Structure formats: C-alpha cells, structure tokens
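First up is the structure itself, then whatever we jot down about it.
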Amino acid sequence: MKKILLLLLTITFGVSCSNDDDTEGREVTKLKSEKIIADYINEYGEQVKYESIYEYSYGANGFVEVIKNTRTNPNSTTETNEYLYYEGNKVVRRKYKQMSTSKNEIEETYTYENDLIVEATYKLPDYISKNKYYYDSSKNLIKDEYYYSNNDMEFILDFVIEYQYKDGNVSKQQFSSNPFDKIITSTYEYDDKNISKSNIFPVAFQKITYTSKNNIVKVKNEESGEIVEYNYEYNSKGFPIKATYDNGHMTALFEYY
C-alpha cells in the first residue's frame with residue numbers, strides 16, 4: 001500500500017463543501033452503503049487483505065445518524081457502529097470503537113463558532129487529544145492542528161495540515177510534523193462529477209471530515225514524485241458506483257437510496 005494513501009484519508013472520496021445544506025423540495029441522492037475491497041502488500045512486505053462494508057442510516061433531520069461497519073479479514077469478522085448525535089442540524093458528539101480492537105470506545109465532541117467547528121476533542125478511557133480548525137473568509141478549512149496529551153494532561157502540538165483550494169476543491173495539502181522537520185506536500189486533480197457522500201452530513205461537519213466537492217482522480221506527492229490515480233464508474237445521475245486506485249489493489253463500491 002502506498003504510504004501517501006495514509007495521509008489522504010481525510011479527503012479521499014470527499015464530500016462537497018457547498019454552503020447550501022437546504023435540500024427541502026428537491027430530490028436528493030443519498031449514500032446507502034460503501035464496500036471497500038483491499039488486497040495489497042504494505043510497506044513492511046506483509047500482505048493486507050480485507051473487505052469493509054459501511055451501511056448508512058439517517059435520522060429525522062435527513063443526516064447520517066448511524067454508520068455500521070463490518071470488516072472481514074481472512075480469519076475474522078469485526079462489526080462496529082458509529083453514532084452521531086445532533087442538536088438541530090449540528091453534530092455535537094460522535095461515538096465509535098477502534099476497529100483494531102472493537103473495545104476502546106472513542107467519544108468526540110465539537111465546539112462551534114459562527115456555525116463552524118473550531119475544535120474537536122477525542123476521549124479514550126486514558127487518553128485525550130484534540131484538533132483545532134481554522135478557516136478563511138470564504139469559510140474554507142485552511143489549517144488543521146492536532147494535539148495529543150501527555151501524562152500531565154498537557155496538550156502538545158503533533159502535526160499541522162494546511163489546505164489550498166481551486167474551484168471548490170483542495171488543490172494542495174501540506175502536512176508538517178512537530179517539530180516540523182518532516183513536510184509532505186500533496187497536490188490533487190479532480191473530475192467534475194458528484195461525490196458519493198453528498199448530502200449526508202451537515203456542512204460544518206463536512207468541512208472537517210471531507211474537504212472537496214468532486215472526486216479525486218490524481219494525487220501527487222511533491223517530495224517523492226509518487227503518484228496515485230483513481231478511476232471511476234458512474235450512474236445515470238453522475239454519482240460514482242465504483243472506484244479503483246492504488247493500481248487496482250483498492251476498490252470501492254457505492255450503493256444509493
């Protein structure tokens with residue numbers, strides 16, 4: 001598996017950052033399920049093979065309320081649920097378990113300013129971390145700072161991700177690790193089609209989770225020159241029903257309501 005993919009999880013198959021979340025009175029296509037099929041050799045020379053199915057259930061406000069994830073490895077199957085809690089149309093809390101163990105429950109809480117999420121706090125039984133988010137005058141996410149806590153419960157800056165935009169999509173992302181001796185710069189190209197997760201989360205939550213409005217077709221690591229390309233098949237409404245990347249070693253299948 002290409003290391004660059006690990007950095008791109010926050011924007012792979014991104015969600016639109018449109019500021020219009022009023023879908024009343026028009027037909028809305030919403031994601032029902034997503035199946036990820038992986039079969040690759042990781043950077044340690046080990047074979048990784050699994051299938052992971054995400055099933056989306058919606059609440060009365062029309063946004064995702066429960067995500068059920070069933071992951072099947074060659075020797076086991078693990079199921080976890082992710083729950084989103086709302087106040088009106090704002091996500092205020094999220095709970096889920098770590099897929100690696102299905103034991104440690106993580107609770108996230110969100111702090112808002114001017115209808116934008118400016119901080120997310122992550123709580124485990126013996127650990128707390130947080131992200132701080134910064135926006136430009138157009139309400140685009142431009143910086144994400146991640147902090148971890150030490151034994152004295154002091155927050156220490158771990159890494160920073162900065163974003164640049166073009167035509168409503170992230171065109172450049174720069175990852176800097178503290179003490180900022182490692183920098184990874186990635187650039188992106190997109191198609192002009194709908195993305196699978198349109199309309200399923202409130203805008204503020206979309207901005208910190210998925211940061212682009214179209215589907216990524218090419219990612220380049222500017223330091224190493226490494227390139228990852230994505231290929232799609234679409235339905236009649238212009239939504240992806242299949243995506244392949246990492247030279248065919250990763251496949252995503254999408255089903256809609």
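Note that the structure is predicted; figures quoted are calculated from it, not measured. Hydrogens, waters and symmetry mates play no part in the numbers below; they use all other heavy atoms, side chains included.
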Trace of the side-chain contact (heavy atoms from CB on, under 4.5 Å) decision for Y232 with V217
CA-CA 8 Å; Y232 300 89; V217 296; 4.0 Å; yes
Take T77 and T70 through the test side-chain contact (heavy atoms from CB on, under 4.5 Å) and record every step on the way to the result.
CA-CA 7 Å; T77 297; T70 304; 3.8 Å; yes
Derivation and outcome, side-chain contact (heavy atoms from CB on, under 4.5 Å), residues T111 and I117
CA-CA 6 Å; T111 301; I117 297 175; over 6 Å; no
Y163 and D136: side-chain contact (heavy atoms from CB on, under 4.5 Å), yes or no, with the steps?
CA-CA 10 Å; Y163 304 94; D136 63 17; over 6 Å; no
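Distance alone, capped at 3.5 Å, places no donor-acceptor pair between the S149 side chain and the F155 backbone. Checking side-chain atoms of N131 against main-chain N and O of Y147 turns up no donor-acceptor pair under 3.5 Å. Judged by distance alone, the side chain of Y56 and the main-chain N or O of E34 form no donor-acceptor pair under 3.5 Å. Of the possible polar contacts, none joining the D191 side chain to the I216 backbone as a donor-acceptor pair under 3.5 Å is found. With hydrogens and angles ignored, the 3.5 Å screen pairs no side-chain donor or acceptor of S138 with any backbone N or O of N140. Between the side chain of Q173 and the backbone N or O of S186, no donor-acceptor pair lies under 3.5 Å. With D144 contributing its side chain and I161 its backbone, the two residues share no donor-acceptor pair below 3.5 Å. With hydrogens and angles ignored, the 3.5 Å screen pairs no side-chain donor or acceptor of Y122 with any backbone N or O of Y148. Listed for the N169 side chain is a donor-acceptor partner under 3.5 Å among the backbone atoms of N214. Within the 3.5 Å criterion, the main-chain N or O of E223 finds a donor-acceptor partner in the side chain of N221.
Here the side chains of K32 and Y256 are not in contact, with every heavy-atom distance at 4.5 Å or above. Residues I183 and Q174 form a side-chain contact, since some pair of their non-hydrogen atoms from C-beta on lies under 4.5 Å apart. Within the 4.5 Å cutoff, side-chain heavy atoms of Y40 are placed close to those of M250. Contact annotation: the side chain of S212 never approaches that of Y188 to less than 4.5 Å [non-hydrogen atoms, C-beta and beyond]. Contact of the F175 side chain with the T185 side chain is not registered, since no non-hydrogen atoms from C-beta on lie closer than 4.5 Å. Proximity of K35 to S33: side-chain heavy atoms (C-beta onward) are nowhere separated by under 4.5 Å. Taking 4.5 Å as the limit, some side-chain heavy atom of K242 sits within range of a side-chain heavy atom of T251. No side-chain heavy atom of E108 sits under 4.5 Å from any side-chain heavy atom of R93.
N69 and S52 form a side-chain donor-acceptor contact under 3.5 Å, judged by distance and modelled atom types alone. Looking at E107 and Y96, their side chains never bring a donor and an acceptor atom within 3.5 Å of each other. With 3.5 Å as the limit, one finds a donor-acceptor pair spanning the side chains of Y134 and E145. Side chains of T72 and Y50: a donor-acceptor N/O pair is absent below 3.5 angstrom, by distance only.
By the rule that hydrophobic residues join a cluster once side-chain heavy atoms approach within less than 4.5 Å of another member, I241 and L253 end up as members of separate clusters. A continuous path of hydrophobic side-chain contacts links V228 to V48 [ILVMFWY only; heavy atoms under 4.5 Å]. Hydrophobic clustering of Ile, Leu, Val, Met, Phe, Trp and Tyr side chains at less than 4.5 Å, counting indirect connections, unites L124 with Y110. One hydrophobic cluster holds both Y86 and I208 under the rule that ILVMFWY side chains link at heavy-atom gaps under 4.5 Å. Residues V64 and Y83 do not share a hydrophobic cluster, defined by chaining ILVMFWY side chains whose heavy atoms lie under 4.5 Å apart.
Y257 and Y58 have perpendicular rings, their planes meeting at more than 60° on a 0 to 90° scale where under 30° would count as parallel. Aromatic ring pairs are classed by plane angle as parallel below 30°, tilted from 30° to 60° and perpendicular above 60°; the pair Y146 and F159 is parallel.
For D39, the side-chain hydrogen bond (donor to acceptor under 3.5 Å, both in side chains) partners at least two apart in sequence or on another chain are Q47. Taking the side chain to side chain contact (heavy atoms under 4.5 Å, CB included) definition, one finds that N231 meets it with T244, sequence neighbours left out. For E82, the side-chain hydrogen bond (donor to acceptor under 3.5 Å, both in side chains) test picks out R94, with sequence neighbours left out.
Screening Q164, K220, E222 for a side chain to side chain donor-acceptor pair (under 3.5 Å) with T187, the sole residue that qualifies is E222. The only option from L116, D115, N114 that meets the side chain to side chain contact (heavy atoms under 4.5 Å, CB included) definition with K139 turns out to be L116.
The minimum heavy-atom distance between S196 and L31, with the atom names listed, is O-CB, 3.6 Å. When every heavy atom of Q206 is checked against every heavy atom of I200, the shortest pair comes out as NE2-N, 4.5 Å.
Ion pairing between E105 and K95 holds under the 4.0 Å rule for side-chain N and carboxylate O.
Atom CD of residue E79 and atom NZ of residue K97 lie 11.5 Å apart, to the nearest 0.5 angstrom. Rounding to the nearest 0.5 Å gives a distance of 9.5 Å between CG of N150 and OH of Y127. Remark: H249 NE2 to K49 NZ distance equals 12.5 Å, nearest 0.5 Å. Distance CD/E162 to CG/L141: 10.5 Å, rounded to 0.5 Å. With values rounded to the nearest 0.5 angstrom, T121 atom OG1 is found 6.5 Å from K130 atom NZ. Taking CG of L84 as the reference point, atom OG of S57 lies at 11.5 Å (rounded to 0.5 Å).
Between F239 and Y234, a ring centre-to-centre spacing not shorter than 6.0 Å is recorded.
Because its NZ or CZ atom is both nearer than 6.0 Å to the ring centre of Y112 and within 45° of the ring axis, K90 counts as a cation-pi partner of that residue.
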